[in-house]
K.L.:
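Encoded as structure tokens, here's the structure I'll be asking about.
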Protein chains: 2
Amino acid sequence: MVNHNLDGAVEKVIANSEFTLHENLVAGLRQLVIDGVLASGQRIPEAELCQRFGVSRTPLREALKVLGAQGLMQLRPNRGAIVTPLDPGDILPIFEVKGALERLIGLSAAERANDMDIDAMSALHLELGAALQKGDIRQYTELNYAFHKRLSQIPRNAHLRQSYDDLQQRIWRYRFLVNESFSRVADSFAEHEQIMIALRARTPLDLAARLESHNARTCEAMTDAARGAAQDPRFGAIA
Amino acid sequence: MVNHNLDGAVEKVIANSEFTLHENLVAGLRQLVIDGVLASGQRIPEAELCQRFGVSRTPLREALKVLGAQGLMQLRPNRGAIVTPLDPGDILPIFEVKGALERLIGLSAAERANDMDIDAMSALHLELGAALQKGDIRQYTELNYAFHKRLSQIPRNAHLRQSYDDLQQRIWRYRFLVNESFSRVADSFAEHEQIMIALRARTPLDLAARLESHNARTCEAMTDAARGAAQDPRFGAIA
DNA sequence: GCGTCGAAAAATGAATACAATCTTGCCTTG
DNA sequence: CAAGGCAAGATTGTATTCATTTTTCGACGC
């Protein structure tokens, strides 16, 4: 049998009783997919997951349906679910939409940001700088995610935040593509510098433009990396 | 007991064997919510829906979880699900995001539209004109939905199409707000005229600008209508 | 009369049981 | 030896059952 390395993290998630079992299952499974523990294209064996999570098939399947509806898994009738395979061709479309939303985030955030927002962003920006100094690209990537997520909350538009987060999670699965390109990370940080300046200045058009530009460059870097890594096993065996 | 008027339409949906039972249930339930058959804030009685759809609670609950994750229903632990109440305060945020996506749709559609796309849009535009002539505002509203949906497909970006469709469905629940304002419908058609011109001319910036403007005006009209109809029972009893 | 407590009824959450479908492996057959 | 088919096992889909929680409603006390 295949070892999925599910031990540890998951059980903790499930034990979190602040949320319902269903919510924990959805979050836990999503994490497994996004973190790549369940590989792209991999078959999802219900029985095994049930054992791991310590629940029966009923709640597990409810969670699978939710992830299926969100596009993270493909539910094939009578043939089980598979983790939606990563597709290099998806990178550009996702970034296109993400860029459109980031433009709105920029326009809106520049107008609605309060001091707490800017402090929080500044703190994240500092941490990003520290991660860059240390050359810890993995941590930089995670902080980068948090940076943009926090920014998306400034407009205080729940629909915007959710739509944006959806896209961020989709692209997050491809993050291994940039994990090693140090030069891009340095450029990225320089762009963040400009973003912070525009945010502090509260200039909507400028902030929006810088975000769009940052988005486009990140997209370019990922697309390039995908070209080079088309044979990467993480792009999914079964497809 | 309350009569939910579920007869008819639903059973047909379920009988559609091209899709799985689960898919039909999700689509059927969503339709009930979007069409207002299950009113805003209304409690969802599992047992009754099971009878109506002729299925057991297991697949029905799977569908409810999906709709809950999509924000159409609120799943309250141990207390059943309710249809997410309509909130006039949601109109503006939804339109903001929708506007950002329509801008992208415009930019992209102007570049990627082929003759078939433009023919299809022209046909819908003609139908819209006919509905306006007849004064059939209900039909106009439905065709308007189809018009924008078809437009969103022109960029051939699945992520864009899906994100946009999500938002369109959310706002569609508020459509009763414009069902009676004839003057707005006439204005709307005039704006569509300009949109078609820009689409045929394939001028990205112009098309994007006209779509954004159209979106903003529609938002304004709905917001106004919401102010006047704050007491409308459709805004949800329970809340 | 009003509020509170408590038991019965109803509804939800999860596990188990059953049915239908697919997969696997072996056997047959050309 | 290859191809097809059939039966056994495994897996998925749905129904049913059991456990837990909430709601209802009537009795009781203030």
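Order of the sequence lines sets the chain letters (A, B, ...), proteins ahead of strands, with each chain counted from 1.
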K.L.:
Roughly, in whole Å, what's the span from CG in B:N24 to C1' in D:dG13?
P.N.:
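Going from CG in B:N24 over to C1' in D:dG13 covers 14 Å.
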K.L.:
To the nearest Å, how far apart are A:E48 CD and D:dT11 C1'?
P.N.:
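About 13 Å, once rounded to whole Å.
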K.L.:
Say whether, by atom type as modelled, one donor and one acceptor occur between the side chain of A:E23 and the main chain of A:T20 under 3.5 angstrom.
P.N.:
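Checking the backbone N and O of A:T20 against the side chain of A:E23, a donor-acceptor pair under 3.5 Å is found.
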K.L.:
Nearest-Å distance, CG (A:L60) to P (D:dT11)?
P.N.:
14 Å
K.L.:
Atom CD1 of A:I82 and atom C1' of D:dT11: how far apart are they, to the nearest Å?
P.N.:
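For the pair A:I82 CD1 and D:dT11 C1', the rounded distance is 16 Å.
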K.L.:
Which of these, A:L151, A:N157, A:L101, A:V97, sits in a side chain to side chain contact (heavy atoms under 4.5 Å, CB included) with A:Y164?
P.N.:
A:L101
K.L.:
In terms of the angle between their ring planes, are B:Y145 and B:W172 parallel, tilted or perpendicular, with boundaries placed at 30° and 60°?
P.N.:
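The rings of B:Y145 and B:W172 stand perpendicular, inter-plane angle above 60°.
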K.L.:
Has A:D117 got a side-chain atom pairing as donor or acceptor with A:N114's backbone, closer than 3.5 angstrom?
P.N.:
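Yes, because the side chain of A:D117 sits within donor-acceptor range (under 3.5 Å) of the backbone of A:N114.
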K.L.:
Would B:L104 and B:L160 satisfy side-chain contact (heavy atoms from CB on, under 4.5 Å), going step by step from the backbone distance to the final call?
P.N.:
CA-CA 9 Å; B:L104 173 60; B:L160 175 55; 3.9 Å; yes
K.L.:
Summarise protein proximity over nucleotides 15-25 of chain C in one line of letters, 5' to 3': B for base, S for sugar-phosphate only, - for none, counting protein heavy atoms closer than 4.0 Å.
P.N.:
BBB---SSS--
K.L.:
OP1 or OP2 of C:dG13 sitting under 4.0 Å from any side-chain N/O of B:R61?
P.N.:
yes
K.L.:
Tell me the interatomic distance from B:F19, atom CZ, to D:dG13, atom C1', rounded to whole angstroms.
P.N.:
19 Å
K.L.:
Rounded to the nearest Å, what distance is computed from the NE2 atom of residue B:H22 to the C1' atom of nucleotide D:dG13?
P.N.:
12 Å
K.L.:
What is the distance from CD of A:E62 to C1' of C:dA14, rounded to the nearest Å?
P.N.:
8 Å
K.L.:
Which part of the nucleic acid does A:I44 contact within heavy-atom distance under 4.0 Å: base, sugar-phosphate only, or nothing?
P.N.:
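Sugar-phosphate, backbone atoms only, no base.
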K.L.:
Send over the distance from B:L49 CG to C:dA11 P, rounded to a whole Å.
P.N.:
12 Å
K.L.:
Checking B:R184 against B:T218 for the side-chain hydrogen bond (donor to acceptor under 3.5 Å, both in side chains) test, could you report, in this order, the C-alpha distance in whole Å, the side-chain angles of both residues, the deciding distance, and whether it holds?
P.N.:
CA-CA 8 Å; B:R184 169 60 198 152; B:T218 307; 2.8 Å; yes
